[in-house]
Amino acid sequence: MNAARRPQGNENPEEPFIPDFSEGAETGLYLALFELLDEGLIITGDEVVLEANSAACRLLERDYRQIAGKPLADLFPSERDFLDARARLFIQGEMRGSLRVSLPGERHRNLRFVAAARIRPGIHALILSADVIAEAYADAPFTDAAPIDTLWPRLAAALEQPVIVIDEQGRIAAANTAALGTLGLTRGSIVGQAIDTCMGIEWPAADAAPVARLTVPGRRADIAARVLPGPKPDWRLLVLPPAERTTVRPEAPVQAPATNRIVQPATPGAGSSADDVLERMFADSPLPTLLCEGPTLHIFAANNAAARVYGYSREALCTMCVGDLRVCPGDGRKPSEPGIWQHRRQDGSTFDTDILTYPVQSACHPGATVVMHDLPEAPLMAFETRLRHAVDLDQLEVHFQPLIDARNGSIRGGEALLRWHHPELGLIPFQRFAGVARDAGQLIRMGDWVLHAACAQAADWTRADGQAVRVTVNVAIEQMLHGDLAERVRHALAASGLPAAQLELDLDERVLKDENTPLLTTLNSLAEMGVQLAIDDFGRGLASIPRLKRYPLRALKLDPLLVGEVGVREDSEAIVEAISSMAGVLGLEVLARGVAGEAQQSFLSALGCHLQQGPLFGQPMTADAFRAYLQQTGARKAQ
């Protein structure tokens, strides 16, 4: 990409630069899209800033002329800061982290960065964003514990129930997506801020019901929020009502996905409490987690990760004490002290791991303690070993999520989604074991199984009006580079009798990033068969836009995270609109995944994005339920 061409002669101070369109329209579009990013973008070459978008100027509190064309070292408070950043970014190749940059008036701030892949030799891209949590806690006194607690924001994000986490100083430490939907606010506008500066709040009196009233700017009615004790002393949780929305439910029965809740024995008189919220926050944590009480650390809750590590069911763990799982070292250290401990599994084997313990407030379990530790190698290997045999033991299953034409409600296709029936843990979505499958080298084999299973199911699909329905199969980058994909697809189509035109393969956007002649040959072979090709989760990275025309693609599928911000963030709406316009020019169809509300549906439809998929139209369902759904919906003929 060329640096933007600077104006010559009489410069207009209101127009700091003129984009260079000499390499074609896609270059201009490329630069225009960068201006829509909320994150700051800086292009550097030979330690000089070649380009910066408006967001970068805002983050650095400088105008364009003070950044573009200037030495990169000018962005840092000192030569030492610059040399440190230069070594991390350009020598060590660090991809993510935090940088200390300078601001006018001899000030400085920390910015999060993502170092993008090289645009070409010597040219690098940095994506910058505000480190909201770090800045909010910048003045907090340093203790033996980490000064910035990022655990609770991550755990709150996993909750479906709207929750806001308030720290001991009244600041919003975390707000999950559900809470932002209820409030109608953005995360950047409230996280790290004192809650009483973001909205009006009336805390309950000491002798009153634990309900606070929130007055949110732009909302007519107040919001009642249940107040619960927080995860740390003097912290509080605000549990909000869910955002009101109208959804379209499928008429066919849908199998509910297996839950991953922490198992906890019933407690008399316990209702919706801090314990319920706390256990849900830990349920999806990848770290093995035990919730314990009393001096013996009796376990009253355990998550799936802990069950995998120790080899016991979660119910069995809830009848034990932490001491039952440990082989005490020679110093007799107390069971609650952190450090390296030797643990005992059900099969009699032992392993060492570094644990962390800390107290939490619990109404039903006074003196509760959290015990967390890193996933040790031995249990991970056991989990991986079982995954290696999942295909042979017939433990895999394909579910399907409908693709709908929003113009008339007709069903146009189904996306195949892999599930694993784990002997102890139940039905596990692919996202939960994708990393282990990749590390175990099983993605090609599992991908081949999904391809054959999905084609076999789709061969019998017909709508109520007799029209054929296509099936979508996601393809991993490993399958495209090392799996002889074209031959495997040809075999799956022949074995199932499915017409090639009814098969769509969703490709990872990474296929567009590098020139790869064998890969291009494979994609051309698939296109010649009549198989439809689409780029999945498009919109996360824009570096691949100029290469779209070089591949035999039919469609782009918008990133669900981008779709989820429609109606919430204007810049995300602008990016969706820009992608839709660009796709029209290139003759590509645009599909949307993750559509959850009618407002999103209307916005996308207005842009000509009529094929939509997401919770608004139906959750993933079993193959039998999906086949029944096809018949029961009475879909009208697509226009």
Roughly how far, to the nearest 0.5 Å, is the [atom2] atom of [Y] from the [atom1] atom of [X]?
X      : Y      : atom1 : atom2 : result
Leu427 : Glu397 : CG    : CD    : 6.0 Å
Thr289 : Asn303 : OG1   : CG    : 4.5 Å
Glu528 : Leu523 : CD    : CG    : 11.0 Å
Ile579 : Leu586 : CD1   : CG    : 11.5 Å
Met480 : Leu526 : CE    : CG    : 10.0 Å
Phe603 : Ser572 : CZ    : OG    : 9.5 Å

Look at the rings of Phe400 and Trp461 and say which category their plane angle falls in: under 30° parallel, 30 to 60° tilted, over 60° perpendicular.
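Geometry flag for Trp461 against Phe400: perpendicular rings.
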
Leu238 and Val163: CA distance, side-chain angles, deciding distance, side-chain contact (heavy atoms from CB on, under 4.5 Å) verdict:
CA-CA 6 Å; Leu238 294 179; Val163 172; over 6 Å; no

If you compare all heavy atoms of [X] against all heavy atoms of [Y], which two are closest, and at what distance to 0.1 Å?
X      : Y      : result
Ala390 : Met446 : CB-CE, 4.4 Å
Leu591 : Leu403 : CD2-CD2, 3.7 Å
Cys455 : Ser496 : CB-OG, 3.5 Å
Ile411 : Val469 : O-CG2, 4.4 Å
Gln613 : Pro402 : CG-O, 3.4 Å
Pro241 : Thr182 : O-OG1, 2.8 Å

Does [X] have any side-chain contact (heavy atoms from CB on, under 4.5 Å) partners at least two apart in sequence or in another chain, and if so, which?
X      : result
Ala179 : Pro162, Ile164, Asn176, Leu240
Cys609 : Val590, Ala592, Leu604
Asp536 : Asn474, Asp506, Lys557, Arg593

Answer whether the closest heavy-atom distance between the side chains of [X] and [Y] falls below 4.5 Å.
X      : Y      : answer
Leu493 : Val531 : yes
Asp392 : Arg445 : yes
Gln395 : His389 : no
Val489 : Leu451 : yes
Arg488 : Ile444 : yes

Using side chain to side chain donor-acceptor pair (under 3.5 Å) as the criterion, list what pairs up with [X], not counting sequence neighbours.
X      : answer
Asp394 : none
Ser602 : none
Glu577 : none
Gln612 : Ser605

Pair His399, Gln401: side-chain N/O donor-acceptor within cut-off below 3.5 Å:
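No.
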
Partners meeting salt bridge (charged side-chain N to carboxylate O under 4.0 Å, His left out) with Glu565 (sequence neighbours left out)
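Listed in chain order: Arg569.
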
Among all residues two or more places apart in sequence or in another chain, which pass the salt bridge (charged side-chain N to carboxylate O under 4.0 Å, His left out) test with Arg554?
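If we apply the salt bridge (charged side-chain N to carboxylate O under 4.0 Å, His left out) test to Arg554, skipping adjacent residues, the hits are Glu504, Glu589.
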
Evaluate the side-chain contact (heavy atoms from CB on, under 4.5 Å) criterion for residues Trp449 and Val398: first the C-alpha distance (whole Å), next the side-chain angles of each, then the deciding distance (0.1 Å), finally the verdict.
CA-CA 10 Å; Trp449 184 92; Val398 178; 3.5 Å; yes

Using the test ring-ring contact (aromatic ring centres under 6.0 Å, His included), find all partners of Phe430 that sit at least two apart in sequence or belong to another chain.
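Only Phe433 meet the ring-ring contact (aromatic ring centres under 6.0 Å, His included) criterion with Phe430.
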
Could you tell me which residues satisfy ring-ring contact (aromatic ring centres under 6.0 Å, His included) with His610, sequence neighbours excluded, listed by chain and number?
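So His610 forms no ring-ring contact (aromatic ring centres under 6.0 Å, His included) with any residue.
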
May I have all residue pairs that pass salt bridge (charged side-chain N to carboxylate O under 4.0 Å, His left out) and include part of residues 607-629, sequence neighbours excluded?
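Salt bridge (charged side-chain N to carboxylate O under 4.0 Å, His left out) check on residues 607-629 returns Asp624-Arg627.
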
Mark yes or no for whether Gln479, through its side chain, and Ala476, through its backbone, hold a donor-acceptor pair below 3.5 Å.
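Yes, because the side chain of Gln479 sits within donor-acceptor range (under 3.5 Å) of the backbone of Ala476.
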
Evaluate the criterion side-chain contact (heavy atoms from CB on, under 4.5 Å) for residue pair Leu325 and Leu317; output intermediate values, then yes/no.
CA-CA 9 Å; Leu325 303 170; Leu317 285 172; 4.0 Å; yes

side-chain contact (heavy atoms from CB on, under 4.5 Å) for Phe626 and Gln457? Distances and angles first, verdict last.
CA-CA 10 Å; Phe626 185 78; Gln457 291 287 345; over 6 Å; no

